Colleague: 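Sending over a structure as structure tokens; questions will come in a sec.
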Number of protein chains: 2
Amino acid sequence: MPDSTSETSPSAPAAPARRSDSTRAAILDAARERFAADGYERATIRAIARDAKIDPSMVMRYFGSKDGLFAAAVAVDIRLPDLSALPRHEVGHTLVAHFLDHWEENEVLTALLRVGAGSQAGAERMQGVFRDQVLPAARRVCPDPEQAATRAALIAAQLLGLSLTRYVLRFPPAVALTRQEIVAWLGPTVQRYLTAPHP
Amino acid sequence: MPDSTSETSPSAPAAPARRSDSTRAAILDAARERFAADGYERATIRAIARDAKIDPSMVMRYFGSKDGLFAAAVAVDIRLPDLSALPRHEVGHTLVAHFLDHWEENEVLTALLRVGAGSQAGAERMQGVFRDQVLPAARRVCPDPEQAATRAALIAAQLLGLSLTRYVLRFPPAVALTRQEIVAWLGPTVQRYLTAPHP
DNA sequence: TACGTTGGTCAACGAGCGTTGGCAAACAGT
DNA sequence: ACTGTTTGCCAACGCTCGTTGACCAACGTA
């Protein structure tokens, strides 16, 4: 991460929309796809550049290194909805539905899961998402901090387990599940992990 | 998988216990450890050979290729207990406890999960374990075959999700869970996925 | 003692990788 | 039209990897 350019920074003087922005976006798209499909090591810069129809050296000039490219490609924002606004007994279903939506419209998450499972650095990035985005949301719903952490971890285990079997490992029965079935099965589980008394 | 040697095959004429067996075992041990810690690509044959204190070329002689070594190193046998022998309402707890035992005494499973998430070939191997070992066990408990597949997938998602967050991604609250807490939280979930009426 | 088999080392190969620096167009300001 | 910057391609470097084949030391048997 050499220089933090003014990419969509708030109240910036509207960067002049350089011609290279489309190339940059093409590289990021190709990178996300390759990282999601192949994992970190097998997704080569050369292959990503080929997909983006440019030279491998351009990737280096734009992102500095393969690590820099990965960091730029998987900038995740879970964007959890405001759970405190809806009735407590609907939280489980809402959370599962939201999770499914975000995962299926966004191959970033599959890329992150693949890479997170494959290397220490990737695991640390997933830990960061959990710590900075999931945990605070859990604390907002569940005041006791220690319980909030445990409950968030249980929910993460259930939801990431579904993503793993469905989108990464592709177990046929997990792929065959419909959206409604998943919500109906996992909703009550998540609800219980979030609100049931500590056993 | 070039040749399936007579490794602990039942009623074999007791192979003469060659001198190289210890080397073979050392290679397999080192391979399991490296694959579990680093994943497939980063676990190099050279590093495995260094751990086993032999030359890299020996690995090739014994296992043919890196793929062959991996196949030999992660020969998984889930060895599910006979679930039909115990009362239905205890099945969930028993299953979770058995799963935890097997996972913690055996780094093969972590290796398999890491690699399974990282490559297509690894994913297919995990699919094989699911299809050949988990699904039949599920069918023995749940007669309706379509339901058995769905229920097995749900249980696999929950259990693998726990392993992922606890042993691979190492989310702190997932690592901090005690064995009893896991059984108490996940037991009822697994029980419900196995026996509750299809929602 | 001679010799085939087994267990092991050594040095190298070809390929693919991330990465670098130089050079050619296209463009923008003056 | 002149000049500096941006955008891009090309050719190569250094490195590590999986893999190979030649060679060597024990060992068991005749």
Side-chain angles (χ1 to χ4, degrees), chain A residues 1-3 5-7 13-31 34-35 37-74 111 115 118-119 121-122, chain B residues 1-3 5-7 15-31 34-35 37-74 115 118-122:
Chain A
M1 62 215 85
D3 60 330
T5 56
S6 62
E7 186 162 344
R18 304 178 163 282
R19 188 162 54 90
S20 66
D21 287 353
S22 67
T23 305
R24 209 182 207 90
I27 296 175
L28 285 177
D29 275 353
R34 284 280 175 178
F35 281 134
D38 301 338
Y40 187 82
E41 347 270 346
R42 303 173 80 110
T44 66
I45 286 197
R46 286 167 146 97
I48 291 168
R50 207 178 314 129
D51 289 357
K53 293 195 237 301
I54 45 94
D55 190 88
S57 62
M58 297 299 297
V59 178
M60 304 302 297
R61 204 185 278 174
Y62 281 174
F63 300 99
S65 68
K66 190 180 182 180
D67 272 341
L69 172 62
F70 180 72
V74 297
V115 176
S119 77
Chain B
M1 60 221 88
D3 59 332
T5 56
S6 63
E7 187 161 341
R18 305 177 163 282
R19 188 162 55 91
S20 66
D21 287 353
S22 67
T23 306
R24 209 182 205 89
I27 295 176
L28 285 177
D29 275 352
R34 285 279 177 179
F35 281 133
D38 301 338
Y40 187 81
E41 345 272 344
R42 304 172 80 112
T44 66
I45 287 198
R46 286 166 146 96
I48 292 168
R50 206 178 314 127
D51 289 357
K53 294 194 236 303
I54 44 95
D55 191 88
S57 62
M58 296 300 297
V59 178
M60 305 301 298
R61 250 235 272 274
Y62 282 177
F63 299 100
S65 68
K66 190 181 182 181
D67 272 341
L69 171 63
F70 180 72
V74 296
V115 175
S119 77
Q120 188 57 33

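As the structure is a computational prediction, the values presented were derived from the model and not from experiment. Residue numbering restarts at 1 for every chain, and letters A, B, ... go by the order of the sequence lines.
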Colleague: Counting primed atoms plus P, OP1 and OP2 as sugar-phosphate and everything else as base, spell out the protein contacts along nucleotides 17-24 of chain C at 4.0 Å heavy-atom distance: B, S or - for each nucleotide, 5' to 3'.
Modeller: BBSBBB--
Colleague: Give the rounded distance in Å between these two atoms: OH of B:Y62 and C1' of D:dT20.
Modeller: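 Taking OH of B:Y62 and C1' of D:dT20, I get 17 Å after rounding.
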Colleague: Separation of A:I48 atom CD1 from C:dG16 atom P, in whole Å?
Modeller: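 The distance from CD1 of A:I48 to P of C:dG16 comes to 17 Å, rounded to the nearest Å.
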Colleague: State which residues pass side chain to side chain contact (heavy atoms under 4.5 Å, CB included) with A:A111; sequence neighbours excluded, sorted by chain then number.
Modeller: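 Applying side chain to side chain contact (heavy atoms under 4.5 Å, CB included) to A:A111 gives A:F35, A:A36, A:V74.
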Colleague: Please state how far atom CE in B:M58 lies from atom P in C:dT6, giving the value in whole angstrom units.
Modeller: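 After rounding, the gap between these two atoms is 13 Å.
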Colleague: Mind checking side chain to side chain contact (heavy atoms under 4.5 Å, CB included) for B:A37 and listing every partner two or more places apart, or none if nothing turns up?
Modeller: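 B:A37 satisfies side chain to side chain contact (heavy atoms under 4.5 Å, CB included) with no other residue.
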Colleague: Side chain to side chain contact (heavy atoms under 4.5 Å, CB included) with A:D29: which residues, sequence neighbours excluded?
Modeller: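 Counting only residues at least two positions away or on another chain, A:D29 forms a side chain to side chain contact (heavy atoms under 4.5 Å, CB included) with A:R32.
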Colleague: Quickly work out the B:R24 CZ to C:dG7 P distance and round it to whole Å.
Modeller: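 Distance check: B:R24 CZ to C:dG7 P gives 9 Å.
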Colleague: Looking at every heavy atom in both A:M60 and A:S65, which two are closest together, and how far apart are they?
Modeller: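 The answer is CE-CA, 3.7 Å.
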Colleague: Please list all pairs passing the salt bridge (charged side-chain N to carboxylate O under 4.0 Å, His left out) test where one or both residues lie in residues 53-64 of chain B, with sequence neighbours left out.
Modeller: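 Applying salt bridge (charged side-chain N to carboxylate O under 4.0 Å, His left out) to every pair that reaches into residues 53-64 of chain B, excluding sequence neighbours, yields nothing.
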Colleague: Restricting to side chain to side chain contact (heavy atoms under 4.5 Å, CB included), what partner residues turn up for B:A26, sequence neighbours left out?
Modeller: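 Checked B:A26 against side chain to side chain contact (heavy atoms under 4.5 Å, CB included); matches are B:A52.
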Colleague: How many Å lie between CG on A:D21 and C1' on D:dT6, as a whole number?
Modeller: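 Whole-Å distance recorded here is 12 Å.
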